[in-house]
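One structure is given here, and the rest of the page talks about it.
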Amino acid sequence: MSTTEQTASAASFAAPAFAAPAFASGVADVVFTGGPVYTVDAARSRASSVAVRDGRIVAVGHDEVRELIGDRTEVVDLAGRLLIPGFQDAHVHPVGGGVEMGQCDLSEYETLAEYRQVVRAYADANPDLEWITGGGWSMEAFPGGLPHRSMLDDLVSDRPVYLPNRDHHGAWANGVALRLAGITRDTPDPADGRIERDPDGEPTGVLQEGAADLIGRLLPPLTAEDQVAGLLRAQRLLHSLGITAWQDALLGAHANISDASAAYLTAMDRGLLTARVVGSLWWQRDRGIEQIDELRARRAAGTRGRLSCTTVKIMQDGVAENFTAAMLSPYLTSCGCASDNSGISFIEPEALRRYVTALDADDFQVHFHALGDRAVREALDAVAAMRAANGWKDTRPHLAHLQVVHPADITRFRELGASANMQPLWAAHEPQMDTLTIPFLGAERAAWQYPFGALARSGATLVAGSDWPVSSPDPIQGIHVAVNRRIHGSDSPAFFPEQRLDLHTALAAYTAGSAYVNHLDATGSIVVGKHADLVVLDRDPFAAPESEIGATRVSETFVGGERVFGR
């Protein structure tokens with residue numbers, strides 16, 4: 001394909017399928033007025049009033065919009081607050097996060113002493129539970145990021161304990177759980193994981209990546225009602241943060257994760273699913289191309305109403321903190337020397353190219369997990385292969401996480417039409433970054449982390465998500481870090497400040513950008529004819545210093561013109 005043809009194809013690929021009708025007359029159901037409206041349209045325009053009828057935006061403007069107010073119109077007085085399109089999370093795990101909120105939830109705590117207190121209290125309060133599970137512990141609470149089974153054994157010695165960490169790429173188990181799984185010093189590491197061991201070879205109780213499934217598969221299965229309850233718990237939280245739509249990054253069975261597809265369908269059938277949801281169907285990495293027939297059937301069964309199971313999630317590598325993210329060169333050791341470990345590519349690159357090409361040919365969107373620079377390159381190579389084989393199709397592939405991106409691969413996102421799916425909260429100095437990551441990447445490679453600014457300058461499409469429950473699902477905190485490269489309230493130095501985004505670009509990623517990657521073209525901006533998925537913020541963050549973005553809060557959230565959250 002020539003350069004001219006590539007440019008034309010890229011323009012065609014990016015063109016929205018949505019066309020807005022003209023300004024409508026008649027009485028509105030809801031009118032928002034009395035405050036600034038940031039439309040996130042192509043012109044970054046502002047208005048002061050918006051009218052909604054039958055769940056759609058029918059007018060965007062100023063005083064003239066008030067002519068649509070009738071006797072039964074609900075008038076939302078913005079009182080100077082900012083109205084924006086609803087946030088969309090392009091990579092999140094709501095059902096798992098919601099279920100964990102009802103289990104032994106460690107995600108709000110930071111120290112071993114706190115973890116021990118929570119585990120003991122939960123075990124005492126639930127004496128009839130066969131297993132103690134939940135999770136959310138932080139690696140930075142432990143030397144080298146590794147807890148030990150003995151820290152749990154003296155708390156719970158009569159039942160198995162299994163607690164995934166905050167990033168869900170490893171788990172912490174007690175001695176009872178290890179014995180039930182038959183894990184001993186003689187148990188080999190699985191191909192896709194690692195059993196951490198004491199110097200004498202005994203398992204420590206920490207299981208990385210695929211090794212966690214050695215215990216995770218023994219957990220009592222969640223009931224359908226457990227999952228529905230978790231989904232609704234998560235939906236309430238996400239709506240309270242202004243999130244009106246999301247892409248569930250894992251629908252399927254993996255490790256101790258149960259398939260949540262039925263929970264979504266049940267919630268929808270009961271009229272309880274108020275968000276718009278795209279489901280990423282899990283690619284089983286120990287199988288091959290034969291699973292596409294099953295994925296096609298799951299797409300058909302799971303696409304109705306506000307649920308669309310049109311995406312396939314491929315996890316290509318692990319995470320940097322446990323040295324399983326796939327790198328082009330080896331990690332360093334604690335002495336700064338090269339190790340013999342470059343991480344894990346879960347799918348062999350040639351096979352990945354074949355799988356992605358076949359999925360794209362069948363009109364699936366592909367959602368990659370790619371943290372290390374080798375995984376990013378392998379994913380981009382797979383997108384290049386599918387473009388070469390299938391031409392440019394409107395499947396909108398995206399790569400999530402992008403912790404380390406080799407500079408040579410920055411422009412390939414735009415060239416290949418692959419969206420960059422950011423988790424901005426991670427792009428900041430904090431103990432896990434400073435003690436468990438940077439020393440083992442080395443100075444040059446550490447500077448390639450989370451290159452949001454470079455991607456934006458190259459013309460890549462930026463989308464955003466949280467990976468909750470790995471990190472906070474609050475888009476405002478993510479936007480704060482994307483703009484400031486430091487966590488709100490922190491006095492740490494900015495994390496590679498040359499990669500900052502401006503507030504317009506960061507906000508667009510969480511709205512129009514994520515709407516694009518979710519194929520929700522009738523959302524993401526405040527334009528006549530689009531769904532009235534809207535958020536009222538308690539202030540206009542554009543009117544304050546960038547250092548105060550994180551102080552903003554969501555006051556109200558609307559999906560299809562219906563209020564789903566209000567303070």
Checking [X] side chain against [Y] main chain: does a donor-acceptor pair fall under 3.5 Å?
X      : Y      : answer
Tyr450 : Met422 : no
Asp226 : Leu222 : no
Ser514 : Thr511 : no
Ser466 : Trp468 : yes
Arg194 : Asn322 : yes
Thr266 : Ala262 : yes
Tyr162 : Ala212 : yes
Arg445 : Val404 : no
Gln365 : Val517 : yes

Quick check for you: to the nearest 0.5 Å, what is the distance between [X] atom [atom1] and [Y] atom [atom2]?
X      : Y      : atom1 : atom2 : answer
Leu537 : Ile476 : CG    : CD1   : 5.0 Å
Phe440 : Phe323 : CZ    : CZ    : 4.5 Å
Gln227 : Ser258 : CD    : OG    : 5.5 Å
Asp474 : Leu425 : CG    : CG    : 8.0 Å
Asn174 : Leu163 : CG    : CG    : 8.5 Å
Met433 : His429 : CE    : NE2   : 8.0 Å

Would Arg485 count as a cation-pi partner of Phe452, with NZ or CZ less than 6.0 Å from the six-membered ring centre and within 45° of the ring normal?
yes
I want to check a possible cation-pi pair here: Arg299 against Phe364, using under 6.0 Å from ring centre and within 45° of the ring axis as the test.
yes
Do [X] and [Y] get their side chains close enough for a donor-acceptor pair, meaning under 3.5 Å?
X      : Y      : value
Asp248 : Tyr264 : yes
Glu196 : Thr204 : no
Asn484 : Glu546 : no
Glu100 : His168 : yes
Asn341 : Ser339 : no
Gln88  : Thr523 : yes
His169 : Gln208 : no
Ser492 : Glu430 : no

Which is it for Gln477 and Ser472 under the side-chain hydrogen bond (donor to acceptor under 3.5 Å, both in side chains) test, yes or no, and what are the steps along the way?
CA-CA 8 Å; Gln477 300 310 312; Ser472 168; over 6 Å; no
Is any side-chain N of the basic residue among [X] and [Y] closer than 4.0 Å to the acidic one's carboxylate O?
X      : Y      : value
Arg149 : Glu202 : no
Arg166 : Glu140 : no
Arg285 : Asp192 : yes
Arg159 : Asp128 : no
Glu294 : Arg298 : no
Glu556 : Arg567 : no

Which atom pair, heavy atoms only, marks the closest approach of [X] to [Y]?
X      : Y      : value
Tyr331 : Ala325 : OH-O, 2.6 Å
Trp137 : Ala171 : CZ2-C, 4.1 Å
Pro164 : Gly134 : CD-O, 3.2 Å
Ala275 : Trp246 : CB-CZ3, 3.4 Å
Val206 : Leu146 : CG1-CD2, 4.0 Å
Ile215 : Ile183 : CG1-CD1, 3.8 Å

I'd like to know whether the aromatic ring centres of Phe142 and Trp172 sit less than 6.0 Å apart in this structure.
yes
Check for me whether the distance between the ring centres of His369 and His91 falls short of 6.0 Å.
no
Report yes if the side chains of [X] and [Y] come closer than 4.5 Å at any heavy-atom pair, otherwise no.
X      : Y      : result
Pro221 : Thr223 : no
Val161 : Val176 : no
Ser419 : Leu462 : no
Leu238 : Pro94  : yes
Arg120 : Asp124 : yes

Between Arg116 and Asp154, does a salt bridge (Lys or Arg N to Asp or Glu O under 4.0 Å) hold up when you go through it step by step?
CA-CA 10 Å; Arg116 286 172 56 85; Asp154 65 342; 3.1 Å; yes
According to side chain to side chain contact (heavy atoms under 4.5 Å, CB included), who are the partners of Val564, at least two apart in sequence or on a separate chain?
His239, Thr274, Thr557, Val559
Side chain to side chain contact (heavy atoms under 4.5 Å, CB included) against Arg233, all qualifying residues, sequence neighbours excluded
Met101, Ala229, Arg236
Does the salt bridge (Lys or Arg N to Asp or Glu O under 4.0 Å) test come out yes or no for Glu548 and Arg553, once each step is laid out?
CA-CA 11 Å; Glu548 297 177 13; Arg553 295 292 179 267; over 6 Å; no
Residue of the set His398, His519, Lys313 for which side chain to side chain contact (heavy atoms under 4.5 Å, CB included) holds with Gln247:
His398
What pairs with Asp533 under side chain to side chain donor-acceptor pair (under 3.5 Å), at least two apart in sequence or on another chain?
Arg276
More than 12 non-hydrogen atoms from neighbouring residues, nucleotides or ligands closer than 6.0 Å to CD on Gln117, yes or no?
no
Going through the checks in order, is the side-chain hydrogen bond (donor to acceptor under 3.5 Å, both in side chains) test met by Asp198 and His148?
CA-CA 9 Å; Asp198 285 330; His148 197 272; 3.1 Å; yes
Applying side chain to side chain contact (heavy atoms under 4.5 Å, CB included) to Ile314 and Ile347, what does each step give before you reach the verdict?
CA-CA 9 Å; Ile314 296 180; Ile347 300 175; 3.6 Å; yes
Apply side-chain hydrogen bond (donor to acceptor under 3.5 Å, both in side chains) to residues Asn421 and Gln423 and explain how you reach the verdict.
CA-CA 7 Å; Asn421 189 332; Gln423 283 63 62; 2.9 Å; yes
